[in-house]
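Only heavy atoms go into these numbers, but all of them, side chains included; no hydrogens, no water, no symmetry mates. Residue numbering restarts at 1 for every chain, and letters A, B, ... go by the order of the sequence lines.
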2 protein chains.
Amino acid sequence: MPARQTKPQTSKPRARRQTSEARPYHHGDLRRVLIDAALQLAAEGAEVSVREAARRAAVSPGAPFRHFPNRDALMAAVAEEAQRRFRAEIEAALAEAPSADPLARFRAFGIAYVRWAIRNPAHFEIISTGRYFAHGSSAELTRDNAELVALTERMLAEAAEQGLLRSTDLKRILIAARALIYGFARMNLDGHCPRWGLAEDEIERMAEGVIDLFIAGIAKH
Amino acid sequence: MPARQTKPQTSKPRARRQTSEARPYHHGDLRRVLIDAALQLAAEGAEVSVREAARRAAVSPGAPFRHFPNRDALMAAVAEEAQRRFRAEIEAALAEAPSADPLARFRAFGIAYVRWAIRNPAHFEIISTGRYFAHGSSAELTRDNAELVALTERMLAEAAEQGLLRSTDLKRILIAARALIYGFARMNLDGHCPRWGLAEDEIERMAEGVIDLFIAGIAKH
DNA sequence: CTCGAAATGTAATCGATGATTACATAATGG
DNA sequence: CCATTATGTAATCATCGATTACATTTCGAG
């Protein structure tokens, strides 16, 4: 361990801006870069640590705490970004679904939901678990999620109004539907699928089959 | 930092065994105690750390590593114990279910499954997630879980043989059933239930309702 | 324009944790 | 009875989240 250096840094502050090499003292948008680094870390399956995110942003270990009061706040921001992407993909899928048939829309919703979860396991995990930051700490995340729930609710209510369902216990159907879809997505995440003996792409088709089975179960006739 | 002490400890080794106060150098069954401490830590919602388990066992921080090569191994042992209890409760519930009606047995299975998951959230999490230790690192855990899956499979196959099911795609039905039950249990764990506006005990009744809905959906007529 | 306040990054440091090593002590069996 | 082995202790390390004091840059009010 070298003796404490009080002020060793060679001060080369003048004539900076010109040379493109010298990294400016202030990072362009560190907050954004940190979120992206954390997202990438998660996607790589690594544990998301503030320090590693800082390392990837080429910044000191303490810098992130200027933008996030603690690790959980960073994770919450990561979750918000992931949720944004999740929701965007689901809404894109619904935009292509027939607007008249609520059960077909529900099917499209479920398939898009599971697909994204399968293809973005780490991000889905962060979104759905509430174990990486204080639950409800992000209003945006809570609101986004509530809207997705409301979306499902509306589709099923519409189906009921059109007399497409056998049962009228909407609350029960809604919860069952969510449990089925969430459960399927989670089983992948939690490694319950290798035992099924299904290849990657077969899993997505199985998801369609399972959702169809459920719809057939709740549909009239 | 004090200078290294080579052998400072006052050797008071004689005349020990008599006095009941002096904790013996060797712990009775540290392995067992560590697992119990870790189980309790998890149940309390705290993070399970090797050090804290050692602390509760009144033992040095390095001691646990005589029994577990690393933290994951301890967690795997904890998971094995939890899985044992989980399976025991499910089999107890099945022992009381009518042996003739496979769908009633499936219902009892599902309810017992969800009940245990709701009442032992932290333990269920450790069992089911495979995020606390290397997946498949415990042969016992894998085997136990596979047996539960096989159990469900048998019940549904039996129902099919008795002509109770509308569809003959057993694999699809099995996966849907597991997704539904696992999903319901997970939604609780992951905090998706407060939004349902259900009280603690209502959730368990809702689980029964959801399982009944599913059974009605796959049953003939 | 300038100067001082606010924003943002750095350096040093703390306490907790998982892990490893050298060493101390107890249990066991030949 | 003693030596081998099992088991616990002490000391130490690297990593991490977090905090604090300090340095640098930005930006707006006068």
Side-chain angles (χ1 to χ4, degrees), chain A residues 1-18 22-34 37-38 41 46-78 132-134, chain B residues 1-18 22-34 37-38 41 46-78 132-134:
Chain A
M1 181 187 314
R4 171 184 305 219
Q5 305 173 320
T6 311
K7 267 184 161 185
Q9 51 260 41
T10 63
S11 59
K12 44 175 179 179
R14 305 302 117 168
R16 266 269 204 72
R17 200 66 38 74
Q18 325 301 55
R23 176 170 52 91
Y25 188 92
H26 278 187
H27 203 288
D29 184 358
L30 183 54
R31 184 188 156 86
R32 171 92 244 143
V33 172
L34 286 171
L41 274 174
E47 286 214 18
V48 180
S49 81
V50 177
R51 286 180 111 92
E52 182 60 29
R55 226 169 272 134
R56 298 210 174 181
V59 101
S60 82
F65 293 92
R66 291 288 178 191
H67 300 270
F68 306 97
N70 51 42
R71 194 195 110 109
D72 281 10
L74 170 59
M75 294 309 292
V78 170
Y132 296 95
F133 55 94
Chain B
M1 177 185 320
R4 172 182 306 218
Q5 304 172 321
T6 311
K7 267 184 162 186
Q9 50 260 43
T10 63
S11 59
K12 45 174 179 180
R14 305 303 120 167
R16 266 270 202 71
R17 199 68 36 75
Q18 325 300 55
R23 177 171 50 91
Y25 189 91
H26 276 188
H27 203 290
D29 184 359
L30 182 55
R31 185 189 156 85
R32 171 92 244 142
V33 172
L34 286 171
L41 273 174
E47 285 214 18
V48 180
S49 83
V50 177
R51 286 180 111 93
E52 182 59 27
R55 225 170 272 134
R56 298 209 174 182
V59 101
S60 82
F65 293 91
R66 290 289 177 189
H67 300 271
F68 306 97
N70 51 43
R71 193 194 112 107
D72 282 8
L74 169 59
M75 294 309 292
V78 169
Y132 296 96
F133 54 94

Practice task
Output the distance between atom NE2 (H67(A)) and atom CG (L30(A)), rounded to the nearest 0.5 Å.
Solution key: 4.0 Å
Problem - Between C1' of dA7(C) and CZ of R31(A), the distance in whole Å - result: 15 Å
Completion exercise
For A53(A) and L41(A), the nearest pair of non-hydrogen atoms, with its separation, is N-CD1, 4.0 Å
Exercise for the section: Round to the nearest Å and state the distance from F68(A) atom CZ to dT8(C) atom P. Expected result: 12 Å
Handout entry: Rounded distance (Å) that lies between atom C1' of dT17(C) and atom OH of Y132(B)
Key = 17 Å
Close N/O contacts between protein and nucleotides 16-18 of chain D (under 3.5 Å):
unit_1, atom_1, unit_2, atom_2, d
dC16(D), OP2, R55(A), NH2, 2.7
dG17(D), OP1, V50(A), N, 3.1
dG17(D), OP2, V50(A), N, 3.1
dG17(D), OP2, R51(A), N, 3.1
dG17(D), N7, R51(A), NH1, 2.6
dG17(D), O6, R51(A), NH1, 3.3
dA18(D), OP2, R71(A), N, 2.6

Problem - Whole-Å distance separating the CE atom of M75(B) from the P atom of dT17(C) - result: 15 Å
Problem - Shortest non-hydrogen contact between A54(A) and S60(A), atoms and distance - result: CB-O, 3.7 Å
Practice task
May I ask you to test the V48(A)-V78(A) pair for a side-chain heavy-atom distance under 4.5 Å?
Solution key: no
Problem - Non-hydrogen side-chain atoms of F68(A) and M75(A) separated by less than 4.5 Å - result: no
Practice task
Give the minimum heavy-atom separation between V50(B) and F65(B), together with the two atoms involved.
Solution key: CG1-CE1, 3.8 Å
